Protein chains: 2
Amino acid sequence: MATGRTHRPATRSRGIPEATVARLPLYLRALTALSERSVPTVSSEELAAAAGVNSAKLRKDFSYLGSYGTRGVGYDVEYLVYQISRELGLTQDWPVVIVGIGNLGAALAGYGGFASRGFRVAALIDADPAMTGKPVAGIPVQHSDELEKIIEEDGVSIGVIATPAGVAQQVCDRLVAAGVTSILNFAPTVLSVPDGVDVRKVDLSIELQILAFHEQRKAGEESNAEADAGAEAEAPAVAPPAPRGSTGATRKGPDGDVPAVMPA
Amino acid sequence: MATGRTHRPATRSRGIPEATVARLPLYLRALTALSERSVPTVSSEELAAAAGVNSAKLRKDFSYLGSYGTRGVGYDVEYLVYQISRELGLTQDWPVVIVGIGNLGAALAGYGGFASRGFRVAALIDADPAMTGKPVAGIPVQHSDELEKIIEEDGVSIGVIATPAGVAQQVCDRLVAAGVTSILNFAPTVLSVPDGVDVRKVDLSIELQILAFHEQRKAGEESNAEADAGAEAEAPAVAPPAPRGSTGATRKGPDGDVPAVMPA
DNA sequence: TACTGTGAACATTTTCACAGCC
DNA sequence: GGCTGTGAAAATGTTCACAGTA
């Protein structure tokens, strides 16, 4: 079809903040665990602890969904599970294709929470003919020639890209052309997609780098008398290249003058 | 001396906003690509496009690092690569342990951007004795009994948890007890850690659920005359449980009264 | 001229604190 | 009494728009 969502009439969705949406799956997981233990009700404080957020935030989040709690008591676990599932669109089963069945793709295919909570692996797809027919997590891998057919026949609207970075964009283009409108991208590339297609990215090295940033800060903080415990910078492996044509005297650091990386 | 930054007067870290930190790896990747193509300079506009952000944001982000550009020209690619690398703490090599060598752990071990950009896989660890000694991505798997020893001897401060959810917390506890202060968690659990330890989480099913939320919105918007194209809810698999002792009449939806999921 | 760097406006998100209800 | 729901305040993040400058 490729028609549809042309305009999007200013009403930019029925105001659930994006930050809240991103936390709903967290709440849902915590609630599901409570439900399995047959816990009937839960307070915002308890649930917040289980989900790893603070209770004020949780209550605010829930207030965007509606008034689903009972003052003086808390929230009915089953009822909330249902409401959040519905809000997230998990009362239906979304067929998903995974493209690129390497170690990562295989891991995703075998991921438990997949089949269970609202998603169904419609197909595993790989470009390598040697993979074709091989069952991974019980599902036979199909060749990428079949991609368009599968998407159209199964009405797949969510695709997962677990290919090498080099082919991610072309896989993405094919997915979109065939009708996929939501993509989860594990390849370390920026994908460009037309309006109306959502892309979310999961990137190991980015997460690690963010950790390294904070780790470095910690190291810098504790060293003081402990000195360089094999960590803090000095004699960097990479020579600091001067900006072209600079005298090297005027560079301004964020809070005054060139900080750190000054080997005395 | 190796001292220097002695005081750090309460200044809760030298104010680089968290949102900016999270984007630095993106810029770094784009810059590295340019560097490999021997591009000498780049404008905020070009770099922003390559990184998938807008240029005002990028300039603002860089302004927190210092004045590293040249008006009328742009940014020196090599110089920026160095400055961002340093800021992220990537001019040193961080040893990392990966715990849990299933498909996911193996995928992480083999991840290219790993060894290259500032990180070194110090050890692969698995609880299964059958795995011990088996090389994965060229590195022999070690038994979890060795965990503490490895961490202490190698001065590992970053750990990656790729185990099943059930054992993630205990693995986490052991990592922390042994000296790890930054954890990247792939298990679908909330980890509790003492102050001073950073945890970042990567969670497939959360990302998928966020996509499903938006996907559902799209479906809801276009359908109207298109009706139920096998997607929109109705006759939900899960019966909507009423909150205990409710008459079912007073529930309030977010903008008035029970919206959506109303089969006419 | 063509670009960066940045105050100031705007938008979103978090937190506080307390009124309202069971 | 205990807990939710929510305005209002505070903090954080984004965008605008333009002064400054190589």
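Chain A is the first sequence line, chain B the second, and so forth, proteins listed ahead of strands; every chain is numbered from 1. All values derive from a computational prediction rather than experimental measurement.
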task: For A/D76 and D/dT4, give me the distance from atom CG to atom P, rounded to whole Å.
output: 13 Å
message: Is there a side-chain contact between B/L24 and B/Y27 in this structure, where contact means two heavy atoms from C-beta onward sitting under 4.5 Å apart?
response: yes
- request: To the nearest Å, give me how far apart CZ (A/F62) and P (D/dT4) are.
  value: 10 Å
- prompt: Can you tell if the side chain of B/V42 reaches within under 4.5 Å of the side chain of B/L31, non-hydrogen atoms only?
  reply: yes
- request: Please list, by residue number, the residues of residues 18-27 of chain B whose heavy atoms come closer than 4.0 Å to an atom of DNA chain D; answer none if no residue qualifies.
  value: B/E18, B/A19, B/R23
task: Using atom OH of B/Y64 as one end and atom C1' of C/dT4 as the other, report the distance to the nearest whole Å.
output: 15 Å
query: What's the closest nucleotide to the A/S43 side chain, out of C/dG5, C/dT14, D/dC3?
result: D/dC3
query: So with a 6.0 Å cut-off around CD of A/Q169, is the heavy-atom count from everything else above 12?
result: yes
- prompt: Could you give the CD-to-P distance, from B/E45 to C/dG5, as a whole number of Å?
  reply: 14 Å
task: Round to a whole Å and report the spacing from CD of B/Q83 to C1' of C/dG5.
output: 16 Å
query: Does a side chain donor of either A/D203 or A/S205 reach within less than 3.5 Å of an acceptor in the other side chain?
result: yes
- prompt: So do A/V77 and A/T32 actually touch side chain to side chain, heavy atoms under 4.5 Å?
  reply: no
Quiz: residues 195-202 of chain B side-chain donor-acceptor pairs under 3.5 angstrom, not counting sequence neighbours:
from   : atom 1 : to     : atom 2 : distance (Å)
B/R200 : NE     : A/E207 : OE1    : 2.5
B/R200 : NH2    : A/E207 : OE1    : 3.1

- line: In this structure, CD1 of B/I161 is separated from CG of B/L191 (nearest 0.5 Å) by 5.0 Å
message: For the helix from C/dT1-D/dA22 to C/dC22-D/dG1, what angle separates the axis at the start from the axis at the finish, each from five pairs, in steps of 10°?
response: 10°
- line: The nucleotide from C/dT13, D/dT4, C/dC3 with an atom nearest the side chain of A/P17 is C/dT13
Spacing of A/E46 atom CD relative to D/dC3 atom C1', expressed in whole Å: 11 Å
task: Classify every nucleotide of nucleotides 15-22 of chain D by which part a protein heavy atom approaches to under 4.0 Å, writing B for the base, S for the sugar-phosphate alone and - for neither, in 5'-to-3' order.
output: B-B-BBBB
A/Y75 side-chain N/O to D/dG5 phosphate OP1/OP2 under 4.0 Å: yes
- prompt: How close or far is atom C1' of D/dT6 from atom CG of A/D61, stated in whole angstroms?
  reply: 13 Å
task: Check step by step if side-chain hydrogen bond (donor to acceptor under 3.5 Å, both in side chains) holds for B/Y82 and B/E78.
output: CA-CA 6 Å; B/Y82 173 72; B/E78 293 303 321; over 6 Å; no
field: Which residues share a ring-ring contact (aromatic ring centres under 6.0 Å, His included) with A/Y75, sequence neighbours left out
entry: A/F62
message: Checking A/R59 now: which residues fulfil salt bridge (Lys or Arg N to Asp or Glu O under 4.0 Å) with it, not counting sequence neighbours?
response: none
message: Using whole Å, what does the distance between atom C1' of nucleotide D/dT14 and atom CG of B/L58 come to?
response: 13 Å
field: B/I16 side, atom CD1; A/R217 side, atom CZ - distance, nearest 0.5 Å
entry: 5.0 Å
